[in-house]
Every structure is written in C-alpha cells, then in structure tokens.
Amino acid sequence: MLTAATLVGLQSVPGLMLLYGGMTKRKYAINTMMMVLYAFAIVLIIWVLAGYMFAFGPALVSVGGFNVLGMPIPALSSSVIASQASVPAAQQYPNIAMSTLIFFQFVFAAITPALMVGALIERMNFKAWMLFVPLWSLLVYSPVAFWLWGGGWLMQLGVVDFSGGYVIHVDAGIAAFVAAAMVGERLVEERKLQPHNLTQVAAGLGLVWLGWNGFNGGDPYGSTIDAAIAVINTNLATAVAVVMWMLLDTSYFGKPTFTGAVSGAVAGLVGITPAAGYINGVGSIIIGGALSSAAAWYSLNFFQFRSKLTRNIDDALGVFSDHAVPGIIGGILTGIFADPNITKYVDPGLRGALYGDPYQVLLQLMGVAVVVVYDVVMTYLILKLIGRVTPLRASIEELRIGDKEMHGEVAYDEFAFATQGDAERMAAGVVVSVFNKINDVNDEEK
C-alpha cells in the first residue's frame with residue numbers, strides 16, 4: 001500500500017509538473033510547476049490537520065440515519081497514526097496501519113487540485129492559488145470523499161466510485177472549468193496552446209500512466225485479486241483510448257498528433273477509474289477505451305473550444321474535457337457494466353444493468369449530479385471570497401514577462417537553450433558570415 005501510494009504521489013511530483021510544465025509556454029514553465037508543487041505540499045498539511053478525518057473519520061452530522069459530514073479533527077497523535085486502519089462510518093477495517101491509509105488517501109487528495117492547474121496556466125495569480133488550494137481541498141474534496149468513500153450518504157444509498165472518477169476527476173474537471181471562467185482568459189496573443197517541450201511531456205505522461213497502477217491497483221487496500229484486475233483493466237483501457245484518439249485525429253484532421261495521443265491516454269485513464277475493479281476486460285475496452293476517449297475528443301474539439309457557450313472560457317489544456325467528461329461517462333457506465341463475477345472480490349452484491357440491476361444506473365446519475373452541483377457552488381463561493389482579498393488573475397506586467405517577474409527565475413538559461421526562432425536566426429547569421437568570408441577571400445585572390 002505504501003508502494004501504491006508512492007506511485008500515485010509520483011503522478012503529481014514530478015509527473016504533472018513535467019506534463020503540464022512541458023505543455024505550457026517556455027516563459028511560464030516555472031510558474032506551472034510551482035502551482036503543482038505547492039498543491040502537493042499544502043494539501044498534506046491540511047490533510048493531517050483536518051482533511052483526512054473530515055473525509056474518513058467518524059460521522060459528525062447525520063440526518064435520518066444518513067451520514068452528511070465527517071469530523072474535521074487532526075490525525076497526528078500516536079493513538080491515531082500507530083493504530084490499525086479504520087473507516088468507521090463505512091465500517092471498513094483494512095489490515096494496514098492507519099498511517100499507511102492516511103498517506104495513501106493523501107496522494108489522491110493532493111492530485112485533485114493539481115489537475116486543475118492545466119486549466120489555469122499562464123494567468124492565475126499565484127497568491128490566489130495559495131489561498132484557493134487549501135480551502136477547496138478542505139471544503140470540497142473532503143466532503144465529497146466522505147459521501148462516496150468514507151461512509152457518507154451517497155455511499156449508503158449505493159452510489160459507487162471505485163477509485164475517483166467522481167471524487168477526483170469530476171470534482172477537478174468541474175472546478176477547473178468554473179475557476180477558468182472566473183479567473184479570466186490568457187493574454188489575447190497567448191490563447192493558442194504552444195507546448196515548449198514535448199519530450200518533457202512524454203516523461204510526465206509515463207509517470208502519470210504507470211503511476212495509475214497505484215491509483216487504481218491500491219484501492220482494494222491490499223495485494224488482492226481485485227487489485228490485479230484493476231491494474232490490467234486500467235492499462236487496457238488506456239491503450240485503446242490512445243489508439244481511438246489517434247484514429248479520430250487522423251480521420252478528421254488528416255494526421256495524428258502527440259499532444260492528442262497524450263490527451264487520449266489521460267481520457268482513458270480517467271474513464272476507467274470509477275469502474276476499474278468492478279468490470280471485466282470487455283467493459284474496460286468499451287468504457288475506458290472507446291466511449292471515454294471518443295467523448296473527450298468530441299468535447300475538446302467541438303464543444304469546449306468551439307461552442308458559443310464555452311469557447312470564451314479559457315480552460316487552457318482542456319481539463320474539463322479530459323477529466324470531467326470521461327469521469328462522468330465512466331461513472332455512469334459503471335452502473336451498466338459492473339460484473340458480479342468481479343465485484344464479488346471487493347463489493348459483493350454490486351451488479352450493473354447488464355447483469356440485472358438497472359437501478360444502479362440511476363444511482364450513478366444521482367451521484368454525479370450531486371457532485372457537480374456541490375462542486376460548482378462551492379468553487380464559485382471560494383473564489384469569490386478570495387477575490388475580495390487578492391486578484392484572481394496575475395497582473396499584466398507578470399503575464400508579459402512570465403516566470404522572471406512571478407518567481408524571480410526562469411526554467412532555462414536563455415543563452416544555453418535558445419528557442420527555435422533564436423536558433424534559426426543564429427544559423428542564418430552563421431551562413432551570412434561564412435558567405436561574407438568567402439567573398440573576402442575571392443576579392444583578395446583577385
């Protein structure tokens with residue numbers, strides 16, 4: 001479990017730092033990586049002070065037998081971290097140390113706001129981000145995690161989310177969309193996506209993809225049959241999703257792109273997450289690979305950036321399309337494809353509509369509706385509050401200059417690592433210089 005948690009942690013640091021840092025413009029690389037790094041650090045502090053117990057501790061508020069809120073108390077004493085793991089409201093008692101469970105659930109909590117960075121790059125005020133992350137993690141992530149994982153009312157009703165399709169990806173994708181609308185657009189001349197280092201993106205994707213083995217493989221809380229099933233389903237779905245995205249790019253745009261393939265991989269990983277330990281391989285191909293990838297591709301190319309309703313909301317890397325959309329698709333389809341021959345290892349009695357329980361689809365629809373509404377309202381209120389303290393958007397001077405003005409440093413020495421344009425101009429200068437020297441020699445010979 002500690003190894004699985006470390007794999008999930010590597011998805012953020014350095015996985016998302018590399019992936020998002022390479023996808024941004026060169027002058028914002030430090031700022032982008034700093035946003036991810038800060039989120040990872042501050043969430044751990046909030047998590048042990050109140051967030052963990054708020055999400056996985058005893059119920060504080062119950063109404064009619066349904067648990068509404070957990071108890072936001074510290075998880076620091078020896079009586080807590082040295083005890084056997086327990087999630088009392090859910091009546092779960094994993095055979096691991098409580099400190100292991102706290103750390104494992106922390107890395108999930110940390111990556112959720114870190115995913116939002118992709119929507120807010122190249123213009124959010126870093127001071128506003130420093131306020132937003134701890135408030136959002138405590139007031140949005142922890143309650144939703146309690147409702148679906150910690151024994152809260154959605155879990156009691158029967159809504160399922162194997163490893164975070166709703167808790168993490170719908171949460172992050174919807175909040176990112178709201179935040180992008182409220183922070184405002186990038187500079188007009190910078191609205192176009194211009195990755196500065198796709199090799200770096202490749203390294204980041206590798207950490208995110210293979211780190212997902214800990215993400216989904218760790219959720220049965222041990223080295224179990226279901227953990228292995230979740231891992232093979234995760235990788236199969238992602239492979240199909242990459243190919244699906246490339247085929248769609250080729251059929252519509254005439255050629256596949258690397259950035260598109262990266263988006264396809266993420267969409268597949270997200271789509272399979274709510275279902276990974278509940279379905280068989282056929283369900284994995286359909287949910288994570290085919291439908292989640294196709295839905296994310298359509299949302300990104302024809303809804304988010306072209307629709308009159310959304311094209312002015314500057315979600316720079318399409319976090320809504322690549323996380324909220326496949327998270328919703330995967331969560332709902334879990335209610336169709338949950339296979340009792342698989343769920344018997346982790347959640348006996350759970351079955352999808354294909355196996356005789358269409359009511360599960362309705363539960364999944366209700367679950368996503370609750371998460372979306374709560375997320376929209378709370379994210380809006382938190383950002384409105386922060387906007388009264390400090391601007392949500394960085395100043396024009398900071399945006400014109402970038403990292404040097406924001407953080408006092410740059411990602412690359414401008415002389416050691418010239419831009420492509422600089423390199424071309426230098427090469428042209430060398431050619432002209434050589435040509436002039438040849439002319440000088442000819443003149444002397446004459």
Side-chain angles (χ1 to χ4, degrees), residues 16 19-20 23-24 32 35-36 39 111-124 129 132-133 136 140-141 144 161 164-186 191-193 195 208 241 245 248 259-260 262-274 288 291-333 365 367-380 382-383 392-393:
L16 282 179
L19 196 155
Y20 284 170
M23 291 289 275
T24 192
T32 301
M35 290 177 75
V36 175
I111 199 173
T112 308
L115 291 171
M116 300 180 208
V117 172
L120 303 170
I121 58 172
E122 304 177 359
R123 86 277 199 184
M124 188 169 188
W129 178 249
F132 175 73
V133 175
W136 190 92
V140 179
Y141 181 85
V144 172
D161 180 7
Y166 288 175
V167 177
I168 296 171
H169 297 286
V170 174
D171 242 358
I174 295 298
F177 197 67
V178 173
M182 296 182 69
V183 172
E185 302 176 24
R186 289 170 286 177
R191 278 292 300 265
K192 184 178 180 181
L193 178 64
V208 169
W245 198 290
L248 290 170
T259 53
V262 170
S263 294
V266 173
L269 289 164
V270 172
I272 193 59
T273 291
L291 296 181
S292 292
S293 183
W297 182 89
Y298 181 84
S299 175
L300 189 67
N301 290 295
F302 294 99
F303 172 69
Q304 193 168 344
F305 295 150
R306 295 193 185 190
S307 170
K308 292 181 179 179
L309 296 173
T310 57
R311 65 188 178 193
N312 291 326
I313 298 177
D314 189 13
D315 175 358
L317 298 183
V319 175
F320 172 81
S321 292
D322 230 17
H323 291 274
V325 170
I328 291 170
I329 294 291
I332 294 171
L333 292 180
L365 285 166
V368 75
V370 169
V371 172
V372 169
V373 172
Y374 181 76
D375 197 358
V376 168
V377 172
M378 289 301 297
T379 302
Y380 175 81
I382 291 169
L383 286 170
L392 298 179
R393 195 168 184 269

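If you read the sequence from its start, that first residue is 1, and numbering goes on from there. Only a predicted model underlies this, so the values are computations on that prediction, with no experimental measurement involved.
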Check your understanding: Backbone N or O of V144 within a donor-acceptor pair of the D171 side chain at under 3.5 Å?
Key -> no
**Study point:** Sidechain-backbone polar pair: S263 side chain, T259 backbone, donor-acceptor under 3.5 Å
**Key:** yes
**Study point:** Exceeds 12 heavy-atom contacts within 6.0 angstrom, atom CZ of F302
**Key:** yes
Review point. Between Q304 (side chain) and S321 (backbone), is there a donor-acceptor pair under 3.5 Å?
Key: yes
Review point. How long is the span from the CG atom in L383 to the CH2 atom in W136, to the nearest 0.5 Å?
Key: 11.0 Å
Review point. Between A316 and I121, what is the shortest heavy-atom contact and its length?
Key: CB-CG1, 3.6 Å
Review point. What is the distance from atom CD1 of I328 to atom CG of L333, rounded to the nearest 0.5 Å?
Key: 11.5 Å
Check your understanding: Heavy atoms, side chains only, cut-off 4.5 Å: are M116 and F132 in contact?
Key -> yes
Study note, to complete from the structure: Nearest heavy-atom contact between G367 and Y166 is C-CE1, 4.0 Å
Practice item. Please list, chain by chain and in numerical order, all residues satisfying side chain to side chain contact (heavy atoms under 4.5 Å, CB included) with L248, sequence neighbours excluded. Key: M244, A294, W297
Practice item. Please check if atom OH in Y380 has more than 12 non-hydrogen atoms from other residues, nucleotides or ligands closer than 6.0 Å. Key: no
Study note, to complete from the structure: Residues passing the salt bridge (charged side-chain N to carboxylate O under 4.0 Å, His left out) test with R393, sequence neighbours excluded, are none
Review point. Looking at OG1 of T32 and CG of L19, how far apart are the two atoms once the value is rounded to the nearest 0.5 Å?
Key: 11.0 Å
Exercise for review: Return yes if some donor-acceptor pair links the side-chain N/O of R191 with the main-chain N/O of E185 below 3.5 Å, else return no.
Suggested key: no
Practice item. For residues V117 and V36, report the shortest heavy-atom separation together with the two atoms involved. Key: CG2-CG2, 4.0 Å
**Study point:** Shortest non-hydrogen contact from P274 toward G330
**Key:** CG-C, 3.4 Å
**Study point:** Heavy-atom check, side chain of V140 versus side chain of I382, under 4.5 Å
**Key:** yes
Practice item. Find the distance between NE2 (H169) and CG (L115) and round it off to the nearest 0.5 Å. Key: 6.0 Å
Study note, to complete from the structure: Between F320 and the options L300, D315, I313, the side-chain contact (heavy atoms from CB on, under 4.5 Å) test singles out D315
**Study point:** Gap between atom CG of D375 and atom CZ of F177 - 0.5 Å precision
**Key:** 12.5 Å
Check your understanding: Say you draw a straight line from CH2 of W129 to CE of M124; how long is it, rounded to the nearest 0.5 Å?
Key -> 6.5 Å
Exercise for review: For D322 and V266, indicate whether the former's side chain and the latter's backbone hold a donor-acceptor pair under 3.5 Å.
Suggested key: no
Check your understanding: Where do G327 and V170 come nearest, in terms of heavy atoms and distance?
Key -> C-CG2, 3.7 Å
Check your understanding: Of the non-hydrogen atoms in A267 and W245, which two are nearest, and what is the gap between them?
Key -> CB-CZ3, 4.4 Å
Practice item. Among V371, V368, V376, V319, find the one that has a side-chain contact (heavy atoms from CB on, under 4.5 Å) with I174. Key: V376
Practice item. Taking S293 for its side chain and A241 for its backbone only, find out whether a donor-acceptor pair lies under 3.5 Å. Key: yes
